[in-house]
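Shown next, in structure tokens, is the structure this report addresses.
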Amino acid sequence: MRSLPLPLALAARLAPVAVLATAGWALSSGPAATTPAAGRQAAAETGGQASPSAPSAPSTQAAPRTYESAPAPCAALAATTITSLVPGAKKAGKEIPSTDTRERRTCSWNALREYDYRWLDVSFEIMRSDRAARASYEERVRDDDGGGAVPGLGDGAYSVVELVTEDGQETREGTVVARASNALVVVTYNGSDFETRKAPGTDEINKGAIRAAKEAVAALEETRRG
């Protein structure tokens with residue numbers, strides 16, 4: 001697994017955690033993307049003798065979407081999952097403010113137990129069409145080389161794990177992105193040990209991220225069933 005320079009834009013994620021401010025590291029999940037849906041044209045028909053046809057009027061009706069809004073992200077995971085992945089975290093989590101909660105909602109859990117730190121994000125991103133969601137998903141797959149497919153999760157899913165080293169402190173982060181119709185589910189899971197300055201193993205982080213992603217996709221699909 002390669003060692004990467006710490007992205008500056010990620011520093012804000014741990015700003016509220018004062019005990020970790022001197023560690024000089026942080027991680028983040030990817031941005032949302034939306035694409036306008038195409039409109040449809042309606043045609044008028046006339047009967048009887050030949051006469052000038054009335055002009056047809058364009059229709060502004062949008063194509064139906066499987067998911068119209070993002071579900072509550074802090075309720076997407078079982079309490080036992082949160083306890084297992086982020087020991088010591090409050091099970092309620094903390095929802096991150098969003099400019100449009102119908103299109104994007106994110107919940108975070110984080111905790112420091114002795115010297116062992118864990119952070120978990122779950123995001124739901126609602127696109128305007130299946131096509132837009134597919135394009136965003138495929139772009140992320142191209143950008144995150146070194147990952148692998150996660151079979152049987154949504155309409156497509158992949159996971160990637162990376163190691164970040166900053167001032168001798170290792171942090172390992174796993175990301176899972178899954179697409180279900182016009183929605184994306186993005187899970188970010190990372191951890192560090194501030195005593196040994198080592199990161200958790202790749203297998204632990206990858207399996208934890210996939211576990212959370214499976215529950216999040218199931219929570220999304222439950223909203224469709226009503």
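This one's a predicted model, so the numbers in the text were calculated from it and none came from an experiment.
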Quiz item: Do the side-chain N and O atoms of Asp121 and Ser108 include a donor-acceptor pair separated by under 3.5 angstrom?
Solution: yes
Quiz item: Say you draw a straight line from CD1 of Ile82 to NZ of Lys91; how long is it, rounded to the nearest 0.5 Å?
Solution: 8.0 Å
Quiz prompt | Atom pair OG (Ser192) and CD (Glu166), whose distance is rounded to the nearest 0.5 Å | solution = 11.5 Å
Exercise. Compare every heavy atom of Leu85 with every heavy atom of Gly208, then report the nearest pair and how far apart it is.
Key: O-CD1, 3.4 Å
Exercise. Please tell me if the side chains of Gln169 and Arg197 come closer than 4.5 Å, counting only heavy atoms from C-beta onward.
Key: yes
Quiz item: Is a side-chain N or O of Ser129 found less than 3.5 angstrom from the main chain of Ala132, in a donor-acceptor match?
Solution: yes
Quiz item: For residues Arg211 and Ser84, is any side-chain donor paired with an opposing acceptor at under 3.5 Å?
Solution: yes
Quiz item: Taking the side chain as C-beta and beyond, is there a heavy-atom pair between Leu153 and Lys214 under 4.5 Å?
Solution: yes
Quiz item: Do Tyr158 and Val186 belong to the same hydrophobic cluster, where Ile, Leu, Val, Met, Phe, Trp and Tyr are linked whenever their side-chain heavy atoms lie under 4.5 Å apart, directly or via other members?
Solution: yes
Practice problem: Might you point out which heavy atoms bring Ala216 and Leu77 nearest each other, and give the distance in Å? | Solution: N-CD2, 4.1 Å
Exercise. Output, in order, the C-alpha distance, side-chain angles, deciding distance and verdict of side-chain hydrogen bond (donor to acceptor under 3.5 Å, both in side chains) for Asn206 and Ser159.
Key: CA-CA 7 Å; Asn206 191 46; Ser159 67; 3.1 Å; yes
Exercise. Please identify each residue that fulfils side chain to side chain donor-acceptor pair (under 3.5 Å) with Lys207, with sequence neighbours left out.
Key: Asp203
Self-check item: Interatomic distance, Arg104 atom CZ to Ser98 atom OG [nearest 0.5 angstrom]
Solution: 7.0 Å
Exercise. Quick one: which residue pairs count as a disulfide bond (SG atoms under 2.5 Å apart) with a foot in residues 155-215, not counting sequence neighbours?
Key: none
Quiz item: Given the rule that I, L, V, M, F, W and Y join up when any side-chain heavy atoms are under 4.5 Å apart, are Met127 and Val141 in one cluster?
Solution: yes
Quiz prompt | Close side-chain approach of Leu120 and Val187, heavy atoms under 4.5 Å | solution = yes
Self-check item: Residues in side-chain contact (heavy atoms from CB on, under 4.5 Å) contact with Asp193, at least two apart in sequence or another chain
Solution: Tyr115, Asp116, Glu195, Thr196
Quiz prompt | Pairs involving residues 126-210, ordered by first then second residue, that meet disulfide bond (SG atoms under 2.5 Å apart) (sequence neighbours left out) | solution = none
Quiz item: Looking only at heavy atoms, which two atoms of Gly88 and Ala111 are closest? And how far apart?
Solution: C-CB, 3.6 Å
Quiz item: Is the closest basic N to carboxylate O distance between Arg65 and Glu68 below 4.0 Å?
Solution: yes
Quiz item: Are side-chain N/O atoms of Thr202 and Arg172 paired as donor and acceptor at under 3.5 Å?
Solution: yes
Exercise. Verify side-chain contact (heavy atoms from CB on, under 4.5 Å) between Thr175 and Tyr189, making sure each step is shown before the conclusion.
Key: CA-CA 6 Å; Thr175 302; Tyr189 181 48; over 6 Å; no
Quiz item: Ignoring hydrogens and geometry, is there a side-chain-to-backbone donor-acceptor pair from Arg179 to Ser181 under 3.5 Å?
Solution: yes
Quiz prompt | Thr66 OG1 to Asp155 CG distance, which is reported to the nearest 0.5 Å | solution = 8.5 Å
Quiz prompt | Beyond-backbone contact of Ser136 with Leu184, side-chain heavy atoms, under 4.5 angstrom | solution = yes
Quiz item: Val161 and Glu173: side-chain contact (heavy atoms from CB on, under 4.5 Å), yes or no, with the steps?
Solution: CA-CA 6 Å; Val161 179; Glu173 175 169 286; over 6 Å; no
Exercise. Please check if the side chain of Glu170 supplies one atom and the backbone of Lys198 the other of a donor-acceptor pair under 3.5 Å.
Key: no
Practice problem: Could you note down all residue pairs passing disulfide bond (SG atoms under 2.5 Å apart) where residues 86-186 supplies at least one of them, sequence neighbours left out? | Solution: Cys74-Cys107
Quiz item: Would you say the side chain of Trp109 lies within less than 4.5 Å of the side chain of Arg118, judging by non-hydrogen atoms?
Solution: no
Self-check item: Val160 side chain reached by Val177 side chain, heavy atoms, under 4.5 Å
Solution: no
Quiz item: Any idea which heavy atoms bring Gly191 and Pro200 closest together, and the distance?
Solution: O-CD, 3.1 Å
Self-check item: Beyond-backbone contact of Glu125 with Tyr137, side-chain heavy atoms, under 4.5 angstrom
Solution: no
Self-check item: Where at least one partner belongs to residues 141-209, residue pairs that pass disulfide bond (SG atoms under 2.5 Å apart), sequence neighbours excluded
Solution: none
Quiz item: Does any N or O in the side chain of Thr223 come within less than 3.5 Å of the main-chain N or O of Leu220, such that one atom is a donor and the other an acceptor?
Solution: yes
Self-check item: For Phe124 against Pro73, the heavy-atom pair lying closest together
Solution: CE1-CA, 3.7 Å
Quiz item: Any side-chain heavy atom of Asn182 sitting closer than 4.5 Å to one from Ile126?
Solution: yes
